[in-house]
Amino acid sequence: MIIRRDKYLNELISWKHTDLIKIVTGLRRCGKSFLLLNLFHQHLLDSGTDASRIIEIALDDIENEELRDPMKMLQYVKQRIKDANQYYLIIDEVQLLGRFVEVLNSFMRMPNVDVYVTGSNSRFLSKDVATEFRGRGVEIHIYPLSFAEMYAAVGGDKYALWKQYYTYGGLPYLASLQDDAQKIAYLESLNRTLYLRDMVERNGVANVDAFAELMCVMASGIGAPCNPTKISNTFRSSKKETLASQTIANYISHMEDAFILEKATRYDIKGRKYIGTLSKYYFQDVGLRNALLNFRQVEETHIMENIIYNELRSRGYSVDVGMVEVRTSSERKQLEVDFVANKGDRRYYIQSAYALPDEAKREQELASLKRISDSFKKIIIVRDDIAPYYDDNGVRIMGLMDFLLNAESEDF
């Protein structure tokens, strides 16, 4: 099954022939290799590029193990370049290459070589894009399949697919599996043999059991405000285990580096400042999250919030959790806006509300939005299949399917 990733493919094409290293990052098994080695490869062929001018090296292939040596890699690529015409160099899993920053900088000095690489860890790549490459590299982060991408590939009843999506997530290989037992086995195997092992080995984690338990704790608490100290107290009270808050902070950082988790920081909307006390964490793939918990906590309300967060991130927004402070003569309280989504000069305040069954629930969701005085658009997304409309407060109410299946739905 060929699943188009046109958003990312078009982004790659837009950077073609620029003097920048194109670095595709993302969670393992999210489709980075397929994007470069299949979709982009085919684009090059369709554009008239001769296959001999496309140099592809998959460093996680044992047959290419010797090319992980920087000098052998340089020698191999130079031998493949026969003339002054344009060549395209694609290196998959570049973090396995020794001294990869120096090697990539060497490739950049070859005027007829356009360089594309993938990597599965932000510690190896994102930091280097900002520092070592000093404006000579661009990062393109790819997420697992969005619901719209999955629907375009699979089709059928959208709500039946939605149940599959919020249960098993968007890793591309799942689209080829018809049996639920196979999907469960695949996700559980990835968690156990790939992601956990990868993070433990890469970061030298000594207490593997505690690390695995923390992954489950984070999975159980998606969308709940937390910090390392609060999680440490949870371990002490419910797990009967002591895990220092600094250790927890380090472990969470490992999960973020591996693109398992993303953090949404709390933002004081009226005060226009970040509040560093508590944050929320979301899984880049909800199927992996559910598999960590043996599919025992597949709660559509919380997972819907996680999926909306992922959708906003995949559309290129930075996403915070908004807070609006309300003071009266007798009390002071903070009202939450699920997401404050920013991109350039655009901002949206978004609430994820599974349903608005009565006026009390409607007012609960509107409470924070009504207290925001600026002119940026305010949106409530509900699970129901409704025609989008604006209420008397100027808040746009829209259904989940309208939001997910239209890449520009927040603008309407």
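In this chain, numbering begins with 1 at the start of the sequence shown. All figures in this text were calculated on a predicted structure; none of them were measured in a lab.
Nearest heavy atom pair, residue Val382 against residue Met304, reads C-CE, 3.9 Å. Nearest heavy-atom pair, Ser409 versus Met398, reported as atom, atom and distance to 0.1 Å: CB-CE, 3.7 Å. Nearest approach of Gln351 to Ser368, heavy atoms of both residues: NE2-OG, 3.2 Å. Closest of all the heavy-atom pairs between Arg202 and Ala258 is NH1-CB, 4.4 Å. The two atoms that bring Ile142 and Lys32 nearest to each other are CG2-CG, 3.3 Å, heavy atoms only.
Only one option out of Arg5, Glu262, Glu311 pairs with Tyr143 in a side-chain hydrogen bond (donor to acceptor under 3.5 Å, both in side chains); it is Glu262. Of the candidates Asp285, Asp60, Asp198, Asp198 is the only one forming a salt bridge (Lys or Arg N to Asp or Glu O under 4.0 Å) with Arg28. Exactly one of Arg396, Lys377, Arg346 qualifies for a salt bridge (Lys or Arg N to Asp or Glu O under 4.0 Å) with Asp411. That residue is Arg346. Asn290 pairs in a side-chain contact (heavy atoms from CB on, under 4.5 Å) with only one of the listed residues (Ile303, Leu187, Ile184), which is Ile303.
Within the model, atoms CZ of Phe211 and CD1 of Ile252 stand 9.5 Å from one another, a figure rounded to the nearest 0.5 Å. Between Ile381 atom CD1 and Leu400 atom CG the span is 7.0 Å, to the nearest 0.5 Å. Here the straight-line distance linking atom CD1 of Ile54 with atom CG of Leu45 works out to 4.5 Å at 0.5 Å rounding. If you take CG on Leu356 and CG on Asp391, they are separated by 9.5 Å, rounding to the nearest 0.5 Å. Here Leu161 contributes atom CG and Met401 contributes atom CE; the two are 8.5 Å apart, rounded to the nearest 0.5 Å. If you take CD1 on Ile307 and CZ on Phe403, they are separated by 11.0 Å, rounding to the nearest 0.5 Å.
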Residue pair Asp179, Lys183: steps toward the side-chain contact (heavy atoms from CB on, under 4.5 Å) verdict: CA-CA 7 Å; Asp179 185 81; Lys183 296 177 182 181; over 6 Å; no
Stepwise side-chain contact (heavy atoms from CB on, under 4.5 Å) check, Phe107 with Met73: CA-CA 10 Å; Phe107 291 143; Met73 170 67 81; 3.9 Å; yes
Yes or no on salt bridge (charged side-chain N to carboxylate O under 4.0 Å, His left out) for Glu11 and Lys16, after CA distance, side-chain angles and deciding distance? CA-CA 9 Å; Glu11 192 171 356; Lys16 193 168 67 168; over 6 Å; no
Evaluate the ring-ring contact (aromatic ring centres under 6.0 Å, His included) criterion for residues Tyr88 and His17: first the C-alpha distance (whole Å), next the side-chain angles of each, then the deciding distance (0.1 Å), finally the verdict. CA-CA 9 Å; Tyr88 299 89; His17 299 156; 5.6 Å; yes
For Gln86 and Arg53: C-alpha separation, side-chain torsions, deciding distance, then whether side-chain contact (heavy atoms from CB on, under 4.5 Å) applies. CA-CA 7 Å; Gln86 182 70 61; Arg53 302 191 185 281; 5.9 Å; no
Test side-chain contact (heavy atoms from CB on, under 4.5 Å) on Glu336 and Val321; report intermediate values, then the result. CA-CA 7 Å; Glu336 185 175 283; Val321 177; 3.8 Å; yes
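Under the 3.5 Å distance criterion, the side-chain polar atoms of Asp320 are left unmatched by any main-chain donor or acceptor of Gly322. Side chain of Thr167 to backbone of Lys163: a donor-acceptor contact under 3.5 angstrom is found. A donor-acceptor distance shorter than 3.5 angstrom exists from the side chain of Thr118 to the backbone of Glu93, with no hydrogens or angles considered. Using modelled atom types, one side-chain atom of Ser176 and one backbone atom of Tyr173 make a donor-acceptor pair closer than 3.5 Å. Listed for the Asp338 side chain is a donor-acceptor partner under 3.5 Å among the backbone atoms of Ser352. Checking side-chain atoms of Lys7 against main-chain N and O of Ser314 turns up a donor-acceptor pair under 3.5 Å. One N or O on the side chain of Arg289 and one on the backbone of Ala219 form a donor-acceptor pair closer than 3.5 Å. Judged purely by atom type and a 3.5 angstrom limit, Glu213 has no side-chain atom pairing as donor or acceptor with the backbone of Phe235. No donor-acceptor pair under 3.5 Å is formed between the side chain of Thr229 and the backbone N or O of Ser245. At distances below 3.5 Å, at least one donor-acceptor pair connects side-chain atoms of Glu149 with backbone N or O atoms of Ser146.
For Asp374, the CG atom counts as densely surrounded, since its 6.0 Å shell holds more than 12 non-hydrogen atoms of other residues, nucleotides or ligands. Under a cut-off of 6.0 angstrom, the local environment of NE2 in His302 is sparse, with at most 12 non-hydrogen atoms contributed by other residues, nucleotides or ligands. Atom CZ of Arg313 has more than 12 neighbouring heavy atoms from other residues, nucleotides or ligands inside a 6.0 Å radius. Within 6.0 Å of the CZ atom in Arg99, the count of heavy atoms belonging to other residues, nucleotides or ligands does not exceed 12.
Tyr317 carries Lys343 over the face of its six-membered ring, with the cationic atom under 6.0 Å from the centre and within 45° of the normal. The side-chain tip of Lys22 points at the ring of Tyr116 from less than 6.0 angstrom away and within 45° of straight on.
A search for side chain to side chain donor-acceptor pair (under 3.5 Å) contacts involving Lys270 returns nothing, not counting sequence neighbours. For Tyr349, there are no ring-ring contact (aromatic ring centres under 6.0 Å, His included) partners, not counting sequence neighbours. Among residues two or more places apart in sequence or in another chain, the ring-ring contact (aromatic ring centres under 6.0 Å, His included) test is passed with Tyr274 by Tyr267.
In the model, Asn38 has no side-chain atom that pairs as donor or acceptor with a side-chain atom of Gln42 under 3.5 Å. Residues Ser279 and Arg266 bring no donor and acceptor atom of their side chains to less than 3.5 Å of each other.
Within the 4.5 Å cutoff, the side chain of Tyr186 has heavy atoms near those of the Leu174 side chain. Side-chain contact between Leu190 and Leu171 is present, with at least one heavy-atom pair separated by less than 4.5 Å. Looking at Ile269 and Val340, their side chains come closer than 4.5 Å, going by heavy atoms from C-beta outward. For the pair Gln284/Ile260, no side-chain contact is recorded, criterion being any heavy-atom separation below 4.5 Å from C-beta on. Taking the side chain as every heavy atom from C-beta outward, His43 and Leu39 never approach each other to under 4.5 Å. The closest side-chain heavy-atom distance from Met150 to Val154 is below 4.5 Å. For the pair Lys280 and Tyr309, the minimum side-chain heavy-atom distance is 4.5 Å or more. Looking only at side-chain heavy atoms (C-beta outward), Leu35 and Val24 come within less than 4.5 Å of each other.
Two rings, from His141 and Tyr8, have their centers 6.0 Å or more apart.
Salt bridge annotation for Glu363-Lys361: absent, with no cationic side-chain nitrogen under 4.0 angstrom from a carboxylate oxygen. Using a 4.0 Å cut-off between a side-chain N of Lys or Arg and a carboxylate O of Asp or Glu, Glu410 and Arg315 qualify as a salt bridge. Residues Glu365 and Lys378 are not paired through a salt bridge, judged by the lack of any N-O separation under 4.0 Å between the basic side chain and the carboxylate.
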